[in-house]
Trainee: 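The structure under discussion is supplied below as structure tokens; questions concerning it will follow.
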2 protein chains.
Amino acid sequence: MSPRIGLDLPTLVRATAQLADEKGLREVTLATVAKYLNIRSPSLYNHVDGLPGLRNELAIYGLEQLYSQLEAAVTISADSAKEPILAMAEAYVHFARTRPGLYEATLQAPDSQNERLIRWSNDTITLVARLLAPYELDELNLIHAVRGLRSLMHGFVAIEHAGGFGLPVNLNESFASVIEVYLAGLPRLKQQNE
Amino acid sequence: MSPRIGLDLPTLVRATAQLADEKGLREVTLATVAKYLNIRSPSLYNHVDGLPGLRNELAIYGLEQLYSQLEAAVTISADSAKEPILAMAEAYVHFARTRPGLYEATLQAPDSQNERLIRWSNDTITLVARLLAPYELDELNLIHAVRGLRSLMHGFVAIEHAGGFGLPVNLNESFASVIEVYLAGLPRLKQQNE
DNA sequence: TTCAAAAACTAATGATGTTAGTTTTATTAT
DNA sequence: ATAATAAAACTAACATCATTAGTTTTTGAA
């Protein structure tokens, strides 16, 4: 009832992630992955449902890794409201930079309705929401704020990765500035009525 | 010295853009474009340098269209500092939503060093910077602020397009909130010294 | 030792990008 | 009008890719 333990899914996904980081996500094909593993590409179908299935697994793995990085970064400090958020945001950028292919895969899942994928996304969202608690926002504005932070973080790393920030101005300074400015504006969401 | 005017580059690029919007950028191949134009795919090489060349032209065209949409949206109002920025930002989202394939192409140019591409990007950046003039930021902080707005706008539409905003909360309200919060935080960049 | 099931394989198919070489055709110059 | 030119379309061919079907191998359980 359980024969031939050769490849297994985690190994396959990790290898795929490494290849994505090294060569770029676009170079991740069944052919290149199979070659990397010294296997024929049809054999991959024993572990994964074709290329879309592999990309889906990659996205899920990426979201899991991203979440664990963010969580690890947060528990370090817990003083001001701002500091843990900045630590989390910097962990986010660090992840996107050190694992560019894997990060890119997280937002390109062929099946965005996948259960595990949604679960990891929700965990990340909950993490961010928890960090925003000190701002004492109502439910709706908290959602707006989480969306804002996610947009800032993803937008920044995506544009950076595409080479869209051309000017010779330090990127880390820009990123910190951008997050701090957003946080500085957050109190605005507390005392408005309409 | 000029024979057989069949296809020309603008027609090819516009057709490619339409196909990208309808079927998704990933479906844009030399084969599908050629089929769409009732042509054999090798003929496309008379106008464009393979698939990378076509994607590059698409990116340039997309940046040009995006810029013109933003410019058109801005000149409408000019009262407060906030209003034109919101108008611009909403034009940005509108463009990304109505031309999803073309928008997606703008940040995936195979040659990010292309001259025309850089020119349109710079024009857009200049446009945003001009809108931020009322905040009276010094040169460095102005760059941070432009990067912040771009990150917000792109991040939001990218996550939205990926289906990343799952909760049943109005997206337009979130977007307006996110922009307004960032703008509300901008004065913070004026009176800090370090 | 037998057997079933999973994992690897080979072979084949269709679609893709690309190159090389050929044919067609509109414009220009005679 | 006619001939020459040059661009644009074509056909043929090849390598690469994803995928399916069917076969062989191998491991763990009966």
Side-chain angles (χ1 to χ4, degrees), chain A residues 1-61 101 104-105 108-112 114, chain B residues 1-61 101 104-105 108-112 114:
Chain A
M1 199 181 172
S2 59
R4 248 223 216 196
I5 352 164
L7 245 193
D8 61 347
L9 187 57
T11 305
L12 169 56
V13 173
R14 270 193 290 267
T16 305
Q18 193 168 336
L19 228 151
D21 290 333
E22 287 171 4
K23 315 274 186 180
L25 186 58
R26 187 166 283 110
E27 299 301 314
V28 171
T29 67
L30 292 188
T32 57
V33 172
K35 208 164 293 172
Y36 187 78
L37 293 168
N38 287 315
I39 264 185
R40 313 293 159 183
S41 59
S43 306
L44 295 172
Y45 285 79
N46 287 318
H47 302 277
V48 105
D49 192 11
L51 184 57
L54 180 57
R55 294 180 72 110
N56 229 37
E57 292 297 331
L58 190 64
I60 294 166
Y61 174 65
E104 201 180 347
Q108 297 196 23
D111 174 19
S112 64
N114 179 284
Chain B
M1 200 182 173
S2 58
R4 248 226 213 193
I5 350 166
L7 244 192
D8 61 348
L9 186 57
T11 305
L12 169 56
V13 173
R14 270 193 291 267
T16 305
Q18 193 169 337
L19 229 151
D21 291 333
E22 287 171 4
K23 316 274 186 182
L25 185 58
R26 188 167 282 112
E27 299 301 314
V28 171
T29 67
L30 292 188
T32 58
V33 172
K35 209 165 290 174
Y36 187 77
L37 293 168
N38 287 314
I39 262 185
R40 313 294 157 182
S41 60
S43 306
L44 294 172
Y45 285 77
N46 287 319
H47 301 277
V48 106
D49 192 9
L51 184 58
L54 180 57
R55 294 180 72 110
N56 230 35
E57 291 297 330
L58 190 63
I60 294 166
Y61 174 65
E104 201 180 346
Q108 298 197 23
D111 174 20
S112 63
N114 179 283

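Residue numbering restarts at 1 for every chain, and letters A, B, ... go by the order of the sequence lines. FYI, side chains are in, hydrogens and waters are out, and symmetry mates aren't considered; it's all heavy atoms of this structure.
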Trainee: Verify side-chain hydrogen bond (donor to acceptor under 3.5 Å, both in side chains) between B:D8 and B:T11, making sure each step is shown before the conclusion.
Mentor: CA-CA 6 Å; B:D8 61 348; B:T11 305; 2.4 Å; yes
Trainee: Is a side-chain N or O of A:T32 found less than 3.5 angstrom from the main chain of A:E27, in a donor-acceptor match?
Mentor: yes
Trainee: Do A:S43 side-chain atoms and A:R40 backbone N/O form a donor-acceptor pair below 3.5 Å?
Mentor: yes
Trainee: Side chain of B:N56, backbone of B:A109: donor and acceptor closer than 3.5 Å?
Mentor: no
Trainee: Taking only side-chain N and O atoms of A:H47, does any of them lie within less than 4.0 angstrom of OP1 or OP2 on C:dA8?
Mentor: yes
Trainee: Would you mind telling me which of D:dA9, D:dA18, D:dA12 lies closest to the side-chain atoms of B:P42?
Mentor: D:dA12
Trainee: Distance check needed: D:dC17 P versus A:L44 CG, whole Å only.
Mentor: 13 Å
Trainee: Using atom CG of A:D49 as one end and atom C1' of D:dA18 as the other, report the distance to the nearest whole Å.
Mentor: 12 Å
Trainee: Side chain of A:Y45, heavy atoms from C-beta onward: which of D:dT20, D:dC17, C:dA20 has the nearest atom to it?
Mentor: D:dT20
Trainee: From D:dC10, C:dG17, C:dA8, pick the nucleotide closest to the side chain of A:I39?
Mentor: C:dA8
Trainee: Describe the nucleic acid contact of A:S43 in one word from base, sugar-phosphate, nothing, applying a heavy-atom distance below 4.0 Å.
Mentor: base
Trainee: When you measure from the side chain of B:S41, which nucleotide among D:dA9, D:dT11, C:dT18 comes out closest?
Mentor: C:dT18
Trainee: Go through D:dA18, C:dA7, D:dA9 for me and flag the one nearest to the A:N46 side chain.
Mentor: C:dA7
Trainee: Output the single nucleotide from C:dT16, C:dT18, D:dA18 whose closest atom is nearest the side chain of A:T29.
Mentor: D:dA18
Trainee: Using atom CG of A:L7 as one end and atom P of C:dC9 as the other, report the distance to the nearest whole Å.
Mentor: 9 Å
